[in-house]
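A short write-up of the structure that comes next.
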Amino acid sequence: MRSSQLFSKTLRQVSTEADTVSHQLLLKAGMIYQVASGVYSYLPLGLRVVRNIERIIREELDAQGAQEMMMPVLQPFELWERTGRHVSFGQGLFTLSDRRDRKLCLGPTHEEVITEIVHHNVNSYRDLPLLLYQIQTKFRDEARPRGGLLRVREFTMVDAYSFDAGEAELDLSYQKMIQAYKNIYSRCGLPTMVVEADSGAIGGKESHEFMLLTSSGEDKIIHCPNCDYAANVDKAQSIKPPGEQEEPLPMEEVATPGIRTIEELASFLHIPKSRTLKAVFYSADKDLVFVVTRGDLEVNEVKLRHVLYCSELNLASEEQVKRAHLVAGSASPLGLHGIRTVADESITLGTNFVAGANKPDFHIRNVNYPRDFQVDLLVDITLAQAGQGCPKCGAKLLSAPGIEVGHIFKLGTMFSQKLAAFFLTREGSRKPIVMGCYGIGIGRILAAAVEYYHDDKGIIWPKSLAPYHVYLCALGMDNPELAQVAEKLYAELEAVGMATLFDDRLDPPGVKFNDADLLGIPLRLILSQRCLKSESVEIKWRTEKEPQLVPIAEAASKIDELLSTRGDSN
RNA sequence: CGGGGUGUAGCGCAGGGGGAGCGCGCAUGGUUUGGGACCAUGAGGUCGGAGGUUCAAAUCCUCUCACCCCGACCA
C-alpha cells in the first residue's frame with residue numbers, strides 16, 4: 001500500500017476527551033474513528049490489525065478441533081425469557097421490536113442461540129464432544145462506555161462453546177481452551193495471567209479471566225508471588241490478618257462526640273481499625289440488609305450479592321436507613337431486631353471490639369461475638385487486599401491492575417436444561433449436555449496491545465499484529481532516480497509477499513519519520529539521496545535507535561531474514 | 001441513574017452583550033527536503049438544538065441533545 005493512497009490520515013492533535021493511551025494513539029494513527037459513544041469504525045490500518053488478531057485466533061481454535069460457524073446478531077427476546085437472562089442481563093441487553101411488534105434483542109453473547117442449535121443437531125453421546133465458535137458483532141448497552149476500545153457498546157467478539165457428556169469431559173475441553181487461549185495471547189505478544197473470576201450474568205460455577213497486567217486496566221487482580229494463586233478481586237479469597245485474643249471484658253459505653261467513620265473512631269480512641277466493628281447498610285432487592293465487618297476490612301459487594309441471592313444490590317438510601325431507625329455513624333448489631341444481618345467471619349478474629357451504641361455520639365467498648373449479638377449469616381464477604389495471606393500457601397498477596405482480554409466459564413447444564421439440549425448416553429438414558437463458553441474481545445486485544453506496547457512517539461506493534469511489517473520511507477520522491485529505485489524496491493518487497501507500507505509522499509522527512517514512529521510498523525526502511533550514493537538502504541527496528549545499512553540489491557532478502565528470525569513479540 | 005466537565009471552520013482551541021477569531025490541515029503558485037520547513041493568495045462556520053430576555057445574543061436565562069471524566073453498573 002502506498003501512503004499517498006491510504007484512506008486514513010494521521011492526526012496531529014487528538015481531542016483532550018481521549019485520555020487513555022490506546023485511545024489517543026489509535027485515533028492519532030488513523031486506525032479508528034468514533035461514531036457514537038462506545039461505537040467505533042475501524043479504518044483500513046486498524047482493520048488490518050483486527051484481521052491479524054482474528055487469523056491467530058482462528059488458527060489456534062481450529063488446531064484444537066473447533067469448528068467455525070456464524071450466528072445472528074438479531075435474536076428473539078423470547079429465547080432470553082426461556083433462560084431467564086432477560087432479567088439477569090438487565091439493561092445491558094439492547095432490545096427492539098419489529099413491525100409486527102415482536103420483541104427482539106441484539107445479542108450480547110450467544111449461549112441461548114447455540115444451545116438451541118445444538119439441541120436440534122445433537123442426539124447421542126456419539127455426537128460429543130463438540131467445540132464450536134464464531135467471530136461476531138455483539139451489543140451491550142453499557143452504562144458507561146470508556147477508554148476508547150476498552151469498553152464499548154458494539155464490539156467484535158470470538159465466542160466458543162464446548163459441549164460434553166459429563167463434568168470430567170468438560171474439564172478436558174476447558175483445559176484445551178485454556179491452552180488455546182494461552183497460545184493466542186502469546187502469539188499476540190501479550191503476557192497474560194489466568195485468574196479465578198466471578199461468573200456474573202453468564203452464570204455457571206467455575207470461571208477464569210485472562211488478564212493483561214497494565215496500569216490502565218480497570219480490573220484489579222490479587223495474586224500470590226509464591227504460588228500460582230491469582231484471582232479477580234471480586235472473587236479473591238485471603239487469610240485475614242488475625243486480631244487480638246483477650247479475655248472478654250464487660251461492655252462499657254464511651255462518648256465519641258462527632259465521630260462517624262471508622263478512621264475517626266480509631267484515631268479518637270487510639271486503637272487500630274482492626275479493634276472496631278464496621279456497619280454498612282445495603283438494599284438487596286429493596287430489602288434492607290445490615291452488614292458487619294471488622295473495621296479494617298472492606299465489603300466485597302460481589303460476594304455479598306452471592307450470599308444474599310439477590311439481583312439488585314445497592315447501598316441503602318438515607319430514607320431507608322432512617323425508616324429502620326438506624327444511626328449511621330454509630331450503628332452496630334447490638335440489640336438489633338427485625339433486620340437481616342450478615343457478618344463477615346472476621347468478627348470472630350478478635351475480641352473486645354468497639355462498636356456503635358446505636359445512638360449518636362456514643363460507642364460501646366468490649367463488644368464480643370457471639371456473647372453480645374447474633375447474626376443471620378456468618379460468611380466471607382470482604383475484599384481481599386494486598387498484604388493479606390494467600391489462601392493456598394499463606395504468602396503475602398500482591399495486587400495489580402489489569403485489562404480483561406478473555407473470559408471463560410464452565411456453564412454446566414444451566415442452558416442445556418432450560419433449552420432442552422439433551423443427549424442419549426451409551427446406556428440409553430437422557431442427560432443434559434454439559435457446556436462451557438469462552439470469549440475473547442478482539443477490540444480489547446487491539447487496545448490492550450497498544451496500552452502495553454507504545455512509547456512517547458507512538459505505537460510499537462508486535463510483529464504478529466502489525467498492519468504492515470515494513471515501512472518503506474522514500475525521502476525526495478521528486479528525484480526521478482530515487483523514485484525509480486524506491487519503486488523497484490517496493491515492487492520487490494511486494495513480490496515476495498512482504499506486507500509493505502510505501503511512504504511515497506512528497507512531505508518533508510520529519511513528517512514521514514513521525515508517521516513511521518506513530519504507526520508502529522516493526523521495520524523502517526529509508527531510501528534517500530545519501531543512501532543512493534552508497535547504493536544502500538537504511539534499515540531500523542521500531543524498537544531500536546540505530547539503523548543498519550544494507551546494499552539495495554540485497555535489501556529484500558535481508559528484510560525477509562530479519563523478520564523471520566525475530567520472535568513474534570516486537 | 002448521581003456528581004463534574006465540554007460543545008465555536010475538517011482537527012485542536014481562544015473569545016463571553018454590538019465586528020466570528022487563532023494554530024494545524026485543505027486548495028493554488030513558488031521556495032524547500034535526514035525529525036511535523038517557509039512565503040504569498042484563497043476556500044471553508046445556521047457558534048450542538050429549541051425557546052426566552054434585549055434595540056442587539058456565540059456571549060445572559062430556561063429547556064433539550066450529544067460527548068468525556070468520576071461513581072453506580074458490567075460475559
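Residue numbers start from 1 in every chain, and the chains themselves are labelled A, B, ... in the order their sequence lines are given, proteins ahead of strands.
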In whole Å, what separates the C1' atom of B:C74 from that of B:G5?
-> 24 Å

Is there a Watson-Crick or G-U wobble partner for B:U59 with both distances under 3.5 Å, and if so, which one is it?
-> none

Compare side-chain N and O positions of A:Arg144 against OP1 and OP2 of B:G2 and report whether any pair is under 4.0 Å apart.
-> no

Pick the P atom in B:C61 and in B:G16, then give their distance to the nearest Å.
-> 15 Å

Out of B:C67, B:C74, B:G34, which nucleotide sits closest to the side chain of A:Pro509?
-> B:G34

Rounding to a whole Å, what distance do you find between A:Asn314:CG and B:C1:C1'?
-> 10 Å

Would you classify A:Asp19 as touching base, sugar-phosphate or nothing, given that sugar-phosphate means primed atoms plus P, OP1 and OP2, and contacts are heavy atoms under 4.0 Å?
-> sugar-phosphate

Just compare B:G34, B:C73, B:C67 and give me whichever is closest to any side-chain atom of A:Ala36.
-> B:C67

Roughly how far apart, to the nearest Å, are B:A58 and B:A9 at atom P?
-> 14 Å

On a whole-Å scale, what distance lies between the P atoms belonging to B:C22 and B:G35?
-> 30 Å

Which part of the nucleic acid, if any, lies within contact of A:Pro547, taking any heavy atom under 4.0 Å across all strands shown: a base, the sugar-phosphate backbone alone, or nothing?
-> nothing

Would you kindly give the NZ-to-P distance between A:Lys512 and B:G34, to the nearest whole Å?
-> 12 Å

Nucleotide B:G34, atom P - distance to CG of A:Asp503 in whole Å | 15 Å

Hey, does A:Glu209 reach any base, or is it just sugar-phosphate, or nothing, if we go heavy atoms under 4.0 Å?
-> nothing

Using a cut-off of less than 4.0 Å, is there contact between a side-chain N or O of A:Gln34 and OP1 or OP2 of B:C68?
-> yes

Considering only atom P, compute the distance from B:C68 to B:G12 and round it to an integer number of Å.
-> 13 Å

Just by modelled atom types, is the A:Ile381 backbone N or O under 3.5 Å from a matching donor or acceptor in the A:Asp344 side chain?
-> yes

Where the side chain of A:Lys512 meets the backbone of A:Ala474, is there a donor-acceptor pair that is under 3.5 Å apart?
-> yes

Looking across every strand, which nucleic acid part, if any, lies under 4.0 Å from A:Leu506 by heavy atom: base, sugar-phosphate, or nothing?
-> base

Answer with yes or no after comparing the ring centroid distance for A:Phe281 and A:Phe290 against a 6.0 Å cut-off, counting only values under it.
-> yes

Hunt down the Watson-Crick or G-U wobble partner of B:G10, both distances under 3.5 Å, from any strand shown, or write none.
-> B:C24

Can you tell me the distance, in whole Å, between the CG atom of A:Asp507 and the P atom of B:U31?
-> 17 Å

Distance-only, no hydrogens or angles: does the A:Gln134 side chain make a donor-acceptor pair with backbone N or O of A:Met71 under 3.5 Å?
-> yes

Just call it for A:Gly147: base, sugar-phosphate, or nothing, with non-hydrogen atoms closer than 4.0 Å on any strand.
-> sugar-phosphate

side-chain hydrogen bond (donor to acceptor under 3.5 Å, both in side chains) between A:Ser536 and A:Ser534, intermediate numbers included = CA-CA 5 Å; A:Ser536 61; A:Ser534 59; 2.7 Å; yes

Is the backbone N or O of A:Glu78 less than 3.5 Å from a side-chain atom of A:His86, with the two atoms forming a donor-acceptor pair by type?
-> no

Closest to the side chain of A:Ile526, out of B:G34, B:C69, B:G35, is B:G34

Output yes when a side-chain donor or acceptor of A:Lys278 lies under 3.5 Å from a complementary backbone atom of A:Val292, and no otherwise.
-> no

Whole angstrom is fine here: how far is it from CG in A:Asp478 over to P in B:U31?
-> 11 Å

5'-most by nearest nucleotide on RNA chain B - A:Glu218 or A:Arg153 = A:Arg153

Whole-angstrom distance between B:C38 and B:G45, as gauged at atom P = 27 Å

When all nucleic acid strands are considered with a 4.0 Å heavy-atom cut-off, which category describes A:Arg305: base, sugar-phosphate, or nothing?
-> sugar-phosphate

Could you give the distance separating B:C70 and B:U33 at their C1' atoms, to the nearest angstrom?
-> 48 Å

Okay, side chain of A:Tyr471, backbone of A:Asp517: is any donor-acceptor separation there less than 3.5 Å?
-> no

Could you tell me whether A:Glu538 contacts a base, only the sugar-phosphate backbone, or nothing, with contacts defined as non-hydrogen atoms closer than 4.0 Å?
-> base

Mind checking A:Leu93 for me? I need base, sugar-phosphate or nothing, with any heavy atom below 4.0 Å counting as a touch.
-> nothing

Would you say A:Trp461's side chain and A:Tyr468's backbone share a donor-acceptor pair under 3.5 angstrom?
-> no

Between B:G34 atom C1' and A:Leu525 atom CG, what is the distance in whole Å?
-> 15 Å

5′-ward residue of the pair A:Arg151/A:Asp517 relative to RNA chain B = A:Asp517

So what does A:Cys531 hit on the nucleic acid, given a heavy-atom distance under 4.0 Å: a base, only sugar-phosphate, or nothing?
-> base

Quick check, are the ring centers of A:Phe210 and A:His208 under 6.0 angstrom apart?
-> no

Residue matched to B:A37 through Watson-Crick or wobble contacts both under 3.5 angstrom | B:U31

For each nucleotide in nucleotides 8-14 of chain B, reading 5' to 3', give B when a protein heavy atom comes within less than 4.0 Å of its base, S when such contact involves only the sugar-phosphate, and - otherwise.
-> ---BSS-

The Watson-Crick or G-U wobble partner of B:C73, with both key distances under 3.5 Å, is none

Round to a whole Å and report the spacing from CG of A:Leu27 to P of B:C68.
-> 11 Å

Is it true that A:Tyr40 and A:His23 have ring centroids separated by less than 6.0 Å?
-> yes

Remember a base hit wins even if backbone is also touched, and classify A:Phe155 as base, sugar-phosphate or nothing at under 4.0 Å, heavy atoms.
-> base

Please give, in whole Å, the distance from B:G34 P to A:Phe513 CZ?
-> 8 Å

On a whole-Å scale, what distance lies between the C1' atoms belonging to B:U64 and B:C24?
-> 33 Å

Who does B:C67 pair with, Watson-Crick or G-U, both distances under 3.5 Å?
-> B:G5

Between B:C73, B:C74, B:G34, which nucleotide gets closest to the side-chain atoms of A:Ala143?
-> B:C73

